[in-house]
Amino acid sequence: MRPLIAGNWKMNGLTGFSAALARAIREGAPPVAAFCDLLVCPPATQLAAVGAILAGSAVALGAQNCHQEPDGAHTGDISASMLRDAGATAVILGHSERRANHGETDELVREKVLAAVAAGLLPIVCVGETDEQRRSGRETETVGWQLSGSLPQGFTGVVSYEPVWAIGTGRACEPPQVEAMHGFIRQELMRQFGREAGAAIRLLYGGSVKAHNARSLLSVPEVNGALIGGAALNADEFLAIARAAAPR
Ligand code: PGA
């Protein structure tokens, strides 16, 4: 499966920084775009400007969240079609920071996935256990519930496994743990959506992916790419991670 290397800029990037980062990624993209798909997800205020810089390049544009309704009285929210209108082709949904800080439930994430698909966006759905859930041996159970609750029937988007304890901590999940979880998720996807459809869903790993550990994480079976936070704010580091996705 062709890998997807996606950068989640989170709440980082004013105009000058975002433009410089997007330009540097666009310029460095061609060699890696030969073997992987590249995606950057800036904050909503920068979508249009970053989209203009990336236009015609191999780097796709994504957003970090959307509202579940198509329009209406939702002050401060942004609909999936607004993101599409601003140039996005993908959207991250159910990130653990949104689940934890904005009380997003599996059911709400599923509604958002449906809204994204209806607007023509590729949904990238995040799942992952907390430190406490892993310590008590409930990591697969937790992720299993998130998958069955967050993914609607006929789901054909991307799933990203992001253990909460590995995000922004510099403590990436060890390859054997990633392999066990991705194997479990693949089985679950095939159970939920059928063998063929479940096998075709791209499965990313996220959580402290850096240039130095990218190759070992990206070589794990059933890892089809990475969702990158902190390291995506540096073009050289982001592109180095993408190079680590080269076929071997
Ligand atoms: P991180 O974030 O790479 O900074 O750990 C990953 C994510 O939240 O997607």
Side-chain angles (χ1 to χ4, degrees), residues 3-13 17-18 21 25 36-44 46-47 50 59-66 83 88 90-104 109 112-113 116 121-131 133-134 139 142-143 146-147 150 157-175 177-178 181-182 185 202-218 220 223-245:
L4 170 63
I5 302 297
N8 173 9
W9 296 7
K10 306 192 179 182
M11 199 172 72
N12 296 292
F17 176 87
S18 298
L21 180 55
I25 292 173
C36 75
D37 291 338
L38 293 168
L39 173 73
V40 296
C41 303
Q46 294 299 324
L47 279 174
V50 169
V59 188
L61 182 72
Q64 303 172 15
N65 175 45
C66 71
L83 299 175
V91 61
I92 298 167
L93 294 171
H95 190 281
S96 62
E97 285 154 15
R98 295 212 56 90
R99 289 177 186 263
N101 304 337
H102 298 268
E104 292 197 3
V109 174
K112 290 184 175 203
V113 171
L121 296 174
L122 173 77
I124 300 172
V125 178
C126 303
V127 295
E129 81 286 356
T130 62
D131 200 22
Q133 285 162 332
R134 180 168 280 269
E139 67 273 18
T142 302
V143 169
Q146 289 173 334
L147 291 170
S150 308
V158 175
V159 169
S160 189
Y161 169 56
E162 307 212 317
V164 177
W165 48 270
I167 295 175
T169 59
R171 187 161 67 96
C173 195
E174 292 299 323
Q177 296 168 311
V178 176
M181 183 59 87
H182 276 230
I185 294 174
R202 260 200 296 208
L203 191 41
L204 312 184
Y205 167 77
S208 295
V209 178
K210 310 286 179 197
H212 73 83
N213 60 17
R215 211 167 168 81
S216 63
L217 289 164
L218 289 165
V220 171
V223 171
N224 314 124
L227 182 55
I228 301 142
L233 296 173
N234 178 299
D236 289 341
E237 176 106 8
F238 181 68
L239 292 165
I241 294 169
R243 278 196 297 279

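Side chains are part of it too, since the values below use all heavy atoms of this structure and drop only hydrogens, waters and symmetry mates. All ligand and atom numbering here is 1-based and tracks the order in the structure.
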Undergrad: Any N/O of Glu97 closer than 3.5 Å to an N/O of ligand 1?
TA: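 In fact, backbone or side chain, Glu97 has no N or O that close.
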
Undergrad: Check Cys126 against ligand 1 and report side chain, backbone, both or neither, counting heavy atoms closer than 4.0 Å.
TA: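 Contact part for Cys126 vs ligand 1: neither.
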
Undergrad: Is it true that His95 and Gln64 share a donor-acceptor pair across their side chains at a distance under 3.5 Å?
TA: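 There is no such pair (donor and acceptor under 3.5 Å, judged by atom type) between the side chains of Gln64 and His95.
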
Undergrad: Need the ligand 1 atom indices (1-based, order shown) with element for anything under 4.0 Å from a heavy-atom of Gly230.
TA: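 Here the atoms of ligand 1 in question are 1 (P), 3 (O), 4 (O).
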
Undergrad: Testing Leu218, Leu39, Asp37 for side-chain contact (heavy atoms from CB on, under 4.5 Å) with Ile5, which one passes?
TA: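 Answer after filtering Leu218, Leu39, Asp37: Leu218.
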
Undergrad: Is the closest heavy atom of Ala231 to ligand 1 under 4.0 Å?
TA: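 False for this residue.
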
Undergrad: Nearest heavy atom to atom 5 (O) of ligand 1: which of Gly206, Gly168, Ala172, Gly229 does it belong to?
TA: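 Nearest heavy atom to atom 5 (O) of ligand 1 lies in Gly168.
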
Undergrad: How far is atom 9 (O) of ligand 1 from its nearest protein heavy atom, and which residue and atom name does that atom have?
TA: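 It is Glu162 OE2, 3.0 Å.
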
Undergrad: Find the distance between CG (Leu204) and NE2 (His182) and round it off to the nearest 0.5 Å.
TA: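 The CG atom of Leu204 sits 8.0 Å away from the NE2 atom of His182.
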
Undergrad: Regarding ligand 1, does His95 bring an N or O atom to under 3.5 Å of one of the ligand's N or O atoms?
TA: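 Right, the criterion is met.
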
Undergrad: Looking only at distances, please establish whether an N/O atom of ligand 1 is found under 3.5 Å from an N/O atom of Ile228.
TA: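 No; the residue has no nitrogen or oxygen that sits under 3.5 Å from a nitrogen or oxygen of the ligand.
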
Undergrad: Donor-acceptor pair, distance only, cut-off 3.5 Å: does the side chain of Tyr161 make one with the backbone of Ile185?
TA: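 Here the side-chain-to-backbone pair does not exist.
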
Undergrad: How many angstroms lie between SG in Cys66 and CG in Leu83, if you round to the nearest 0.5 Å?
TA: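 If we round to the nearest 0.5 Å, Cys66:SG and Leu83:CG are 6.0 Å apart.
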
Undergrad: Which of the atoms in ligand 1, numbered in the order shown and given with their element, are less than 4.0 Å from a heavy-atom of Ala166?
TA: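 Under 4.0 Å from Ala166, ligand 1 has these atoms: 5 (O).
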
Undergrad: Is Lys210 close to ligand 1, meaning an N/O of one under 3.5 Å from an N/O of the other?
TA: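 So ligand 1 has no N or O lying under 3.5 Å from an N or O of Lys210.
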
Undergrad: Find the distance between SG (Cys126) and CD (Glu97) and round it off to the nearest 0.5 Å.
TA: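 Answer rounded to 0.5 Å: 9.0 Å.
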
Undergrad: Write down the atom of Ile25, the atom of Ala235, and the distance for their closest heavy-atom approach.
TA: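 That closest heavy-atom pairing would be CG1-CB, 3.9 Å.
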
